[in-house]
Every structure is written in C-alpha cells, then in structure tokens.
Novice: 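One structure, as structure tokens, below. Some questions next.
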Amino acid sequence: MAKTIITAAMTGAVTPSGYDIPETPQEIAAQVYECWKLGASVAHLHMRDDDGNGVMDPVKFYETIKAIRSYKDCDIIVNCTSSGDNRVSDDSPYGNAMRMLHHKLVPGIEMGTFDASSFNWGIPGGVFHNSPTMLANLGDLYLEKGIKPEFEIFDFGALRAVGIYCKQGHVQAPLHFQFCLGVVGGMDATPKSLQILLNEMNDLIAAGQLPKECTWSAFGTGKGHLPVMFSAIANGGSVRVGMEDNVVYGVDKDGKKIKATNMMLVERAANAIKAFGNEVATPAEAREMLGLKPLDIDAVCKALDEVDVAALEAAKVAVKDEFGGPYFAAKGMGGK
C-alpha cells in the first residue's frame with residue numbers, strides 16, 4: 001500500500017495574530033508532538049521573536065529543537081526554514097549569513113528549505129531574494145552538514161534551476177520538491193497549477209535535466225488548501241498542512257468560519273490519505289522515502305546538550321560585526 005508523508009508547517013513568518021499559532025519554542029514543540037501523534041512525520045519550523053515577528057535566530061531554533069527532542073518517543077523529522085524574515089531577504093551578506101546561521105550551528109536539523117527562485121511577495125509586499133550565489137552557498141552548507149534540501153517551488157522555472165544546482169554539485173540526488181501554491185508572485189493554488197509542475201518535473205527528468213530520484217509534496221494556501229491537498233494525494237505525492245499556510249478549517253452551518261489548529265489540519269490530512277486507500281507514512285518510513293539517515297535520538301540529544309547558548313548569541317553578534325547590521329529598517333513579517 002502506498003505511503004503518504006504529512007508535513008506540518010507549524011507557525012510560518014506572516015500568519016497574523018488572532019489564531020492558535022504556536023510562537024514560543026515550548027508552544028511549537030508541544031504542538032509538534034501532538035501533530036506527530038496524529039500522523040505528521042515532518043515538522044517544518046519557523047521562529048517568532050517576542051513581538052511575534054518572524055525571525056532567523058539560531059537560539060530560537062536551538063531551543064525549539066531541544067524541546068521537541070525532549071519528547072523521547074517522538075521521532076518526527078525536523079525541517080527548518082532558511083527564509084523566515086523579510087528583514088534578511090535582501091540578498092545582503094548580513095542577511096544571507098543570518099539565514100544560514102542555525103543550519104551551520106544547531107545540531108539535529110535533518111532538512112532545510114531551499115527556495116529555488118526569487119519573486120515579489122504580494123502587493124505591495126517586498127521582494128523575496130534568492131540569488132544564485134546565496135543558493136549555491138546554501139546547498140554547499142547543507143552538503144557539509146548532512147542536511148537534505150527541501151526545494152520550495154513557487155513557479156515552474158525554479159525546477160530547471162534546481163537541476164542546474166544539481167549538475168554543478170551544490171545539491172545531490174535524491175531531490176525532494178515542495179510545491180508551494182497560492183502565494184502572490186507564484187502559481188495559483190489549483191490542481192491545474194500542480195499538474196503543470198508535475199508535467200514540467202517529469203519532462204525535465206526525461207530530458208536528463210533532473211535526476212530520476214525525485215520525490216515531491218504540495219500545499220495550497222488559504223482556500224486552495226483542500227483542492228491542492230486532494231490533488232497531491234491523487235497524483236501520488238505527499239502533503240503539507242498547517243497554520244503557516246491556512247488558518248481556516250471550514251465554515252459551520254451558519255456560514256461562519258471555523259478557525260483551524262495545526263492538529264485539526266493534520267488529522268484531516270491523515271483521514272483523507274486513509275480514505276484514498278493509502279497509509280500515512282511514519283517518520284521512519286518517511287526517512288527511507290526521502291533518503292535520510294535513521295534517527296539516533298540519543299546522539300542528537302547529546303549534541304544538543306553540548307551546545308553553548310552563549311556561543312550562539314556571540315555568533316549573531318559576530319555576523320553583525322562582520323557584515324554590518326543588524327536588521328535594516330523594515331517591519332518584520334508577522335507581528336501582533
């Protein structure tokens with residue numbers, strides 16, 4: 001029977017207040033644990049600062065991963081963003097260094113996002129910069145640290161770009177794509193858009209421009225959440241759900257919106273997978289499907305225990321001193 005991976009995108013960087021969004025490391029870890037019990041095998045992590053803004057802070061990532069691994073029975077895969085704050089997405093040396101700092105210094109990260117293209121966020125929004133140099137450096141860092149890239153694809157041209165990074169040796173097969181649909185500046189959250197991406201991926205594989213060893217997942221934002229999720233399952237892919245992408249579960253009999261939680265969204269995805277006739281992949285099965293090493297939780301916990309938080313704080317200061325900073329004068333994503 002086919003296995004389907006559920007990724008739970010817990011927090012995001014821009015989801016507004018007024019919803020049940022975990023923000024502190026302890027809140028995030030507690031909801032990760034509950035989502036794991038309901039069937040999630042990957043936890044996609046963003047961090048928030050004390051004001052609720054998205055932030056790329058290695059200390060926050062460390063505290064969250066350590067809290068997750070304190071649940072010793074929880075073997076969920078830890079996937080950390082490389083793009084959780086518009087204040088460091090300006091392609092500056094400082095910004096790019098901050099986007100990679102947690103992947104460089106914090107143990108226990110198994111997957112990391114690799115946003116394979118640049119585009120405009122919304123209207124008015126800002127520019128989401130992912131320069132070729134930054135991405136090549138990010139891919140090299142992931143190879144060094146044994147972190148598997150999750151290639152976030154917002155438009156089909158990014159697929160060809162990933163093939164080029166692979167041919168240049170910055171990333172290695174097997175590749176895993178996350179099709180991100182519904183963001184203004186990217187493709188619509190529709191089954192049609194997903195099919196376009198799948199056709200392009202398969203064409204590139206047939207032409208030798210992508211390796212044959214490719215897996216994929218998909219999500220749609222907002223109202224596109226369910227159409228994309230059902231289409232992904234029907235097309236043999238995996239799914240991502242969570243409060244980063246969608247905060248409304250549905251409407252009640254009176255037409256009023258039902259606010260979602262991460263747990264509600266994971267449970268519905270698991271039920272949809274089972275109704276289709278598939279099985280929800282366990283984290284161990286997902287690691288095998290994605291080409292990840294088995295989890296040695298004792299070794300991870302030991303490495304986390306040996307981390308010096310003061311050294312992480314010093315590393316943030318060192319980046320500022322080397323490249324200038326800290327954040328340029330712009331409002332952070334999210335916020336209360």
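Sequence positions, counted from 1, serve as the residue numbers for this chain.
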Novice: Could you point out which residue of Ile205, Ile153, Leu210, Leu159 forms a side-chain contact (heavy atoms from CB on, under 4.5 Å) with Glu200?
Specialist: Leu159
Novice: Should the ring pair Trp121 and Phe119 be called parallel, tilted or perpendicular, given that the plane angle runs from 0 to 90° and is split at 30 and 60?
Specialist: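 Correct class here is perpendicular.
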Novice: If every non-hydrogen atom of Ser83 is compared with every non-hydrogen atom of Met56, which pair is closest and at what distance?
Specialist: N-CE, 3.9 Å
Novice: For Asn79, run the side chain to side chain donor-acceptor pair (under 3.5 Å) check against Lys148, Glu150, Gln178 and tell me which one passes.
Specialist: Glu150
Novice: Just checking Phe151 against Tyr165, ring centres under 6.0 Å apart?
Specialist: no
Novice: May I ask you to decide if Lys256's main-chain N or O and Asp254's side chain share a donor-acceptor pair within less than 3.5 Å?
Specialist: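 No.
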Novice: Could you tell me if Asp188 and Ser193 have a donor-acceptor pair between their side chains, going purely by distance under 3.5 Å?
Specialist: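 The criterion, which ignores hydrogens and geometry beyond distance, is not satisfied for Asp188 and Ser193.
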Novice: Would you confirm whether Arg69, through its side chain, and Cys74, through its main-chain N or O, come within 3.5 Å as a donor-acceptor pair?
Specialist: yes
Novice: Parallel, tilted or perpendicular: which one describes the rings of His46 and His44, with boundaries at 30° and 60°?
Specialist: perpendicular
Novice: Will you find, in the side chains of Asp91 and Asn96, an N or O donor that is under 3.5 Å from an N or O acceptor?
Specialist: yes
Novice: I need the minimum non-hydrogen distance between Ala189 and Thr221, along with the two atoms involved.
Specialist: CB-N, 4.1 Å
Novice: Enter the distance from Met47:CE to Glu63:CD here, rounded to the nearest 0.5 Å.
Specialist: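 The CE atom of Met47 sits 9.5 Å away from the CD atom of Glu63.
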Novice: Under a 3.5 Å distance rule, please check whether Thr113 uses its side chain to pair with a backbone N or O of Ser82 as donor and acceptor.
Specialist: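 Yes; judged by distance alone, with no hydrogens or angles, the pair exists.
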Novice: Consider only side-chain N and O atoms of Asp20 and Thr261, and report whether a donor and an acceptor are under 3.5 Å apart.
Specialist: no
Novice: Please check: side-chain N/O of Ser89 versus main-chain N/O of Asn86, any donor-acceptor pairing under 3.5 Å?
Specialist: yes
Novice: Check the side chains of Thr215 and His176 for a donor-acceptor pair under 3.5 angstrom, ignoring hydrogens and angles.
Specialist: yes
